[in-house]
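Positions are given from 1, in the same order as the sequence printed here.
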Amino acid sequence: MNPPRTDARRHHDPEVRGFASDNYAGSHPEVLAALALANGGHQVAYGEDAYTENLQQVIRSHFGPTAEAFPVFNGTGANVVALQAVTDRWGAVICAESAHINVDEGGAPERVGGIKLLTVPTPDGKLTPELIDRQAYGWDDEHRAMPQVVSIAQATELGTVYTPDEIRAICEHAHAHGMKVHVDGSRLANAAATLDVPLRTFTNAVGVDLLSLGGTKNGALFGEAVVVLDPDGIKHMRHLRKLSMQLASKMRFVSVQLEALFARDLWLRNARHANEMAQRLAEGVRAVHGVEILHPVQANAVFARLPHEVSERLQKRFRFYFWDEAAGDVRWMCAFDTTEDDVDNFVAALKEEMARRP
């Protein structure tokens, strides 16, 4: 059978891969196949389709019988909707200073969600009960936004991973103060791959109230979900999703991607591979004199410090970003489609550019 005709043309070289972001990767072939499977015919719009209904059972297999998934378009949308669901108009969210919701979402939680962020500096991107206490006060002070939520990222923006016990301690501490706990899980799969435990082990099993479940960074074309772990304690999610412009009319095409990832083990295979490539990259980088790895490599990110001019030359050969340009810090990300040759070629180029220093 001949493939469907298209007037589209390829505008990129599919053999070129860089280390800028796992968002740069395309969609996993199994996810694309699932999209084709869901196409054709009519399905009820706005989430009343068979694929979104089935997704609920898939999500419950990972997060317990009370979990409910609300598919959305993207990670920022997932975080904004989730945080709105657990804050009042006067509420605030405690998070790490380096958190994605604080640094990389264009102010959306505050400007779109109307939520005050109370940030805490951390050495490794991870909050602790002691760090939370720097902002956890003033509930009766009408002059201060009321802390109502602790938001953590798993894995963090610095590529570090919380252990289940660390998240349990945070949840117990937050709940003792009447606060809920949200997990930004755009790379939740990478954390589970590192910890080698089921997703529930460091979410509902340790007290997390709701999370943003990532798909895009792990092989989806687009789409994430807000997963509510205790629906009795968090209500009106459907209204918030619509109000926040995150309700997909053809939701089956979001849901089927998440089903393709999480119904079996594709999510874990993809995450393990990305993590393994990051470990391979870190091993190669450690052998390059003059390059310093800044944080433990626990997921699919490698943070390094090297001479600024070397990074600029290397960027002409491989795409990646500065993390702190003034300090010479860079971030290298691996994805589900990063190959061993990609990593080895990058390390070889790094050695060449370092050797060119005067």
Side-chain angles (χ1 to χ4, degrees), residues 17-32 34-35 59 62 69 71-82 98-101 103-106 108 125 151-162 182-195 199 202-203 211-227 246 253-263 265-279 281 295 297-303 319-321 323 331-339 342-343:
R17 285 176 291 270
F19 294 87
S21 173
D22 36 11
N23 285 322
Y24 277 40
S27 182
H28 193 281
E30 292 180 37
V31 173
L32 289 177
L35 282 164
I59 292 300
H62 289 291
V72 295
F73 289 113
N74 54 43
T76 297
N79 287 335
V80 170
V81 171
S98 58
H100 199 273
I101 58 174
V103 176
D104 293 301
E105 295 188 349
S151 179
I152 64 173
Q154 177 77 319
T156 74
E157 282 302 296
L158 300 182
T160 51
V161 171
Y162 289 91
H182 163 259
V183 172
D184 179 347
S186 65
R187 296 186 178 96
L188 200 73
N190 300 92
T194 292
L195 296 169
L199 292 166
F202 56 91
T203 54
L211 58 95
S212 304
L213 181 64
T216 309
K217 291 178 171 64
N218 199 31
L221 184 65
F222 63 92
E224 325 283 306
V226 177
V227 178
Q246 287 291 318
F253 296 111
V254 182
S255 297
V256 76
Q257 293 181 74
L258 296 173
E259 179 187 354
L261 285 170
F262 291 98
D265 67 345
L266 181 58
W267 67 276
L268 187 56
R269 283 188 278 130
N270 286 351
R272 279 177 173 163
H273 177 79
N275 289 3
E276 288 167 1
M277 292 302 98
Q279 290 295 334
L281 176 57
H295 304 292
V297 180
Q298 297 177 335
N300 61 324
V302 178
F303 289 82
R319 186 72 182 259
F320 63 88
Y321 292 117
W323 189 256
R331 185 190 73 168
W332 298 319
M333 297 297 305
C334 295
F336 76 87
D337 62 349
T338 303
T339 68
D342 293 334
V343 172

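- F73 is linked by a side chain to side chain contact (heavy atoms under 4.5 Å, CB included) to Q246, A248, counting only residues two or more places apart in sequence or in another chain.
- Applying the ring-ring contact (aromatic ring centres under 6.0 Å, His included) test to H100 and every residue at least two apart in sequence or in another chain returns nothing.
- Summarising the geometry of I59 relative to A69, their closest heavy-atom pair is CG1-CB, 3.6 Å, with the distance given to 0.1 Å.
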Candidate pair W323 and F303, rule side-chain contact (heavy atoms from CB on, under 4.5 Å), full reasoning: CA-CA 8 Å; W323 189 256; F303 289 82; 3.5 Å; yes
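- Checked by atom type and distance alone, the side chain of E157 never pairs as donor or acceptor with a backbone atom of S98 at under 3.5 Å.
- Side-chain atoms of T156 come within 3.5 Å of backbone N or O of T160 as a donor-acceptor pair.
- In terms of the side chain to side chain contact (heavy atoms under 4.5 Å, CB included) criterion, residue partners of H28 (sequence neighbours excluded) are, by chain and number, E30, V31, L266, N270, F336.
- Here the side chains of L188 and V183 are in contact, with some heavy-atom distance below 4.5 Å.
- Scanning for salt bridge (Lys or Arg N to Asp or Glu O under 4.0 Å) contacts around D337 gives an empty result, with sequence neighbours left out.
- Residues passing the side chain to side chain donor-acceptor pair (under 3.5 Å) test with D342, sequence neighbours excluded: R17, T339.
- You'll find the side chain of F202 stays beyond 4.5 Å of the side chain of V161, heavy atoms only.
- Under the salt bridge (Lys or Arg N to Asp or Glu O under 4.0 Å) criterion, D22 pairs with R187, not counting sequence neighbours.
- When the side chain to side chain contact (heavy atoms under 4.5 Å, CB included) test is applied to A153, the partners found at least two apart in sequence or on another chain are D184.
- The salt bridge (Lys or Arg N to Asp or Glu O under 4.0 Å) test applied to D265 returns R269, not counting sequence neighbours.
- F262 is linked by a ring-ring contact (aromatic ring centres under 6.0 Å, His included) to H62, W267, counting only residues two or more places apart in sequence or in another chain.
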Derivation of the side-chain contact (heavy atoms from CB on, under 4.5 Å) call for N300 and M277: CA-CA 7 Å; N300 61 324; M277 292 302 98; over 6 Å; no
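- Across all non-hydrogen atoms, the minimal contact from R331 to S21 is NH2-CB, 4.0 Å.
- Legend: residues meeting side chain to side chain donor-acceptor pair (under 3.5 Å) with S212, ordered by chain and number and at least two apart, are N79, H182.
- Under the 3.5 Å distance criterion, with hydrogens and angles disregarded, no donor-acceptor pair is assigned to the side chains of S186 and E224.
- Of all the heavy atoms in L199 and T203, the pair that sits closest is O-OG1, 2.8 Å.
- Q257 places none of its side-chain heavy atoms less than 4.5 Å from the side chain of P71.
- Not counting sequence neighbours, the partners of N190 by the side chain to side chain donor-acceptor pair (under 3.5 Å) test are N275.
- When the side chain to side chain contact (heavy atoms under 4.5 Å, CB included) test is applied to A278, the partners found at least two apart in sequence or on another chain are V297, V302, C334.
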